[in-house]
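Right, one structure below, let's go through it.
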Amino acid sequence: MATVNLVTGGAGFIGSHLCEELLKRGDQVICLDNFFTGRKRNVEHLIGNPSFELIRHDVIEPILLEVDRIYNLACPASPIHYQYNPVKTIKTNVMGALNMLGLAKRVKARVLQASTSEIYGDPQVHPQPESYWGNVNTIGVRSCYDEGKRVTETLFFDYHRQNDVDIRVVRIFNTYGPKMLVNDGRVVSNFIVQALRGEPITIYGDGSQTRSFCYVDDLVDGIIRMMDADGFTGPVNLGNPGEFTIRELAELVIELTGSKSKIETRPLPADDPTRRKPVIDLAKERLGWEPKIPLSEGLPLTIKYFDHAIKTTK
Ligand code: NAD
Ligand code: UDP
């Protein structure tokens, strides 16, 4: 019997790539999404595949489905989208996790949580290993997401200790690639869209803050390896340790697009982390995983996608 997977947030950026990969290996996939930041278009090519089902549902409401594995990805990930309705972001994280953990307990499914490098906040330890507890503001504009994800990790480990639920927790670092929305608002998509349209490239602050960018195919490989791993709950960092300043990213995007866009600065948003880079020794050791696609290869693939998306999106 093929494994039946539930992917919440399956019509989103990472979720839609994950659905594709699971189908490729012969699994069945139930994609659940409320289409807040996801789109049917991301999975429309999968509709009609007898192994694929699409359900419009909000994870804050309970649902009963017979599944073997649950990938809990439902949650807006871009700061502009998760700050649009912060209370809803907290509900999605907390009630979504409670509903998926309750479902996993009831049907004895293995359940994986898409946690984030944001749980490290503005890190005082660099680079960040899983053993670092983080430096997070509880009351700032990013807190709905950061604290939502932190309490979700807590819920996962309490369900594991209290109810023996088979959990997996991955901490995802900044990931980019095709199928991001043109209006996603995150830095890679913003810079590429601005460069392709010949608009100013908007650096927030002085651009000296750093991020480490992982191409989506590498990330999905890591997520699936983690779900397949036996006897390992995590948390495990999944990200590309290549670290770039935001100004370096802007310059690379201008170079690769051949754009005439000029760089302009804008105010730095509150609580914007100053640096971020994963330690991935644990993923290497336990999952045999490390990213294969550097920014210099992933960016051109993403630029190609956005070039087409801009021309075909109203
Ligand atoms: P995304 O916004 O493209 O995808 C999120 C998906 O969840 C969307 O399809 C959205 O419609 C859906 N969703 C949101 N709220 C929902 C709800 N209440 N009920 C049902 N569906 C809901 O973002 P993404 O980049 O694909 O991120 C996927 C997951 O990975 C998120 O949990 C995010 O926090 C996590 N993550 C992503 C990154 C990254 O860099 N992309 C980094 C760290 C963690
Ligand atoms: N950023 C920027 N210009 C933009 C969008 C983002 O300079 O148009 C910066 C942002 O301030 C942050 C970094 O790029 O320092 C990454 O932002 P993003 O929203 O992609 O993700 P974050 O890692 O902050 O959640």
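Order of appearance sets the numbers: ligands from 1, and atoms from 1 within every ligand.
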Contact check, Tyr82 vs ligand 1, heavy-atom distance below 4.0 Å: no
Candidates Arg266, Glu118, Gln209, His81; heavy atom nearest atom 25 (O) of ligand 2 found on Glu118
Between Lys311 and Asp307, does at least one N-O distance fall below 4.0 Å, as a salt bridge requires? yes
So which heavy atom in the protein is nearest atom 15 (O) of ligand 2, and how far is it from that ligand atom? Asp272 OD1, 2.5 Å
Hey, mind stepping through Leu219 and Asn240 against side-chain contact (heavy atoms from CB on, under 4.5 Å) and telling me if it holds? CA-CA 9 Å; Leu219 179 81; Asn240 191 319; over 6 Å; no
Looking only at distances, please establish whether an N/O atom of ligand 2 is found under 3.5 Å from an N/O atom of Arg211. yes
Run the salt-bridge test on Glu20 and Lys179 with the 4.0 Å N-O cut-off and return the result as yes or no. yes
Checking contacts here: is it the side chain or the backbone of Arg39 that comes within 4.0 Å of ligand 1, counting heavy atoms only? Could be both or neither. neither
Which of the numbered atoms in ligand 1 are under 4.0 angstrom from any heavy atom belonging to Thr175? 39 (C), 40 (O), 41 (N)
Atom indices of ligand 2, in the order listed, that fall short of 4.0 Å to a heavy atom of Pro79: 19 (O), 25 (O)
Would you mind running through ligand 1 and noting each atom that sits below 4.0 Å from a heavy atom of Thr37? 1 (P), 2 (O), 4 (O), 5 (C), 8 (C), 10 (C), 11 (O)
At what distance, to the nearest 0.5 angstrom, does CZ of Arg69 lie from OG1 of Thr3? 5.5 Å
Could you establish whether His57 and ligand 1 come within less than 4.0 Å of each other, counting only heavy atoms on the residue side? yes
Is it the side chain (CB and beyond), the backbone, both or neither of Glu118 that lies under 4.0 Å from ligand 1, heavy atoms counted? neither
Between Tyr176 and ligand 1, which residue portion shows a heavy-atom distance shorter than 4.0 Å: side chain, backbone, both, or neither? neither
So is Lys149 close enough to ligand 1, meaning a heavy atom under 4.0 angstrom away? yes
Within a 6.0 Å radius of atom CD1 on Ile139, are there more than 12 heavy atoms belonging to other residues, nucleotides or ligands? no
Within 4.0 Å of some non-hydrogen atom of Phe35, the atoms of ligand 1 are 11 (O)
Heavy-atom contacts under 4.0 Å between Arg186 and ligand 2: side chain, backbone, both, or neither? both
Name the closest protein heavy atom to atom 20 (O) of ligand 2, giving the residue it belongs to and the distance to 0.1 Å. Val187 N, 2.8 Å
What residues, two or more places apart in sequence or in another chain, satisfy ring pair (Phe, Tyr, Trp, His ring centres under 6.0 Å) together with Phe156? none
Give me the nearest non-hydrogen protein atom to atom 3 (N) of ligand 2 as residue plus atom name, then the distance to 0.1 Å. Thr202 O, 2.6 Å
Relative to the heavy atoms of Gly9, which atoms of ligand 1 are at a distance of less than 4.0 Å? 6 (C), 7 (O), 9 (O), 12 (C)
When you measure from atom 13 (C) of ligand 2 to every protein heavy atom, which one gives the shortest distance, and what is it? Ile246 CD1, 3.7 Å
What is the ring orientation for His81 with Phe36, classed by angle as parallel under 30°, tilted 30 to 60°, or perpendicular over 60°? perpendicular
Any non-hydrogen side-chain atom of Lys40 less than 4.5 Å from a side-chain atom of Leu54? yes
Using 30° and 60° as the class limits, which term best fits the ring planes of Phe244 and Phe213: parallel, tilted or perpendicular? tilted
Mind checking whether Thr8 has a heavy atom under 4.0 Å from ligand 1? no
Should you measure from each heavy atom of Asn174, which atoms of ligand 1 turn up under 4.0 Å away? 40 (O)
Got the closest protein heavy atom to atom 21 (O) of ligand 2, with its distance? Asn174 ND2, 3.6 Å
Around atom 22 (P) of ligand 2, find the nearest protein heavy atom and jot down its residue, atom name and distance. Arg142 NH2, 3.4 Å
Min side-chain heavy-atom separation Tyr215-Pro178 under 4.5 Å: yes
Pairwise side-chain contact, Tyr120 with Glu130, heavy-atom cut-off 4.5 Å (strictly under): yes
Lys/Arg cation over aromatic Tyr204: Arg266, 6.0 Å, 45° cone: no
Identify the closest protein heavy atom to atom 1 (N) of ligand 2: which residue and atom is it, and at what distance? Tyr204 CD1, 3.4 Å
Over 12 non-hydrogen atoms of neighbours within 6.0 angstrom of CZ in Phe35: yes
A side-chain contact here means heavy atoms from C-beta on lying under 4.5 Å apart; do Arg110 and Arg168 qualify? yes
Can you list the atoms of ligand 1 that are under 4.0 Å from a heavy atom of Gly12? 3 (O), 4 (O), 8 (C), 9 (O)
Just going by heavy-atom distances, which of Cys75, Gly38, Gly10 is nearest to atom 5 (C) of ligand 1? Cys75
What protein heavy atom lies closest to atom 8 (O) of ligand 2? Include the residue and the distance to one decimal. Asn190 ND2, 2.9 Å
Take every heavy atom of Ser115, measure it against each atom of ligand 1, and state whether any distance is under 4.0 Å. yes
Close approach, Ala11 and ligand 1, non-hydrogen under 4.0 angstrom: yes
Those atoms of ligand 1 less than 4.0 Å from some heavy atom in Pro76: 2 (O), 14 (C), 15 (N)
Residues sharing Met95's hydrophobic cluster, by side-chain heavy-atom contacts under 4.5 Å among ILVMFWY, directly or via others? Ile60
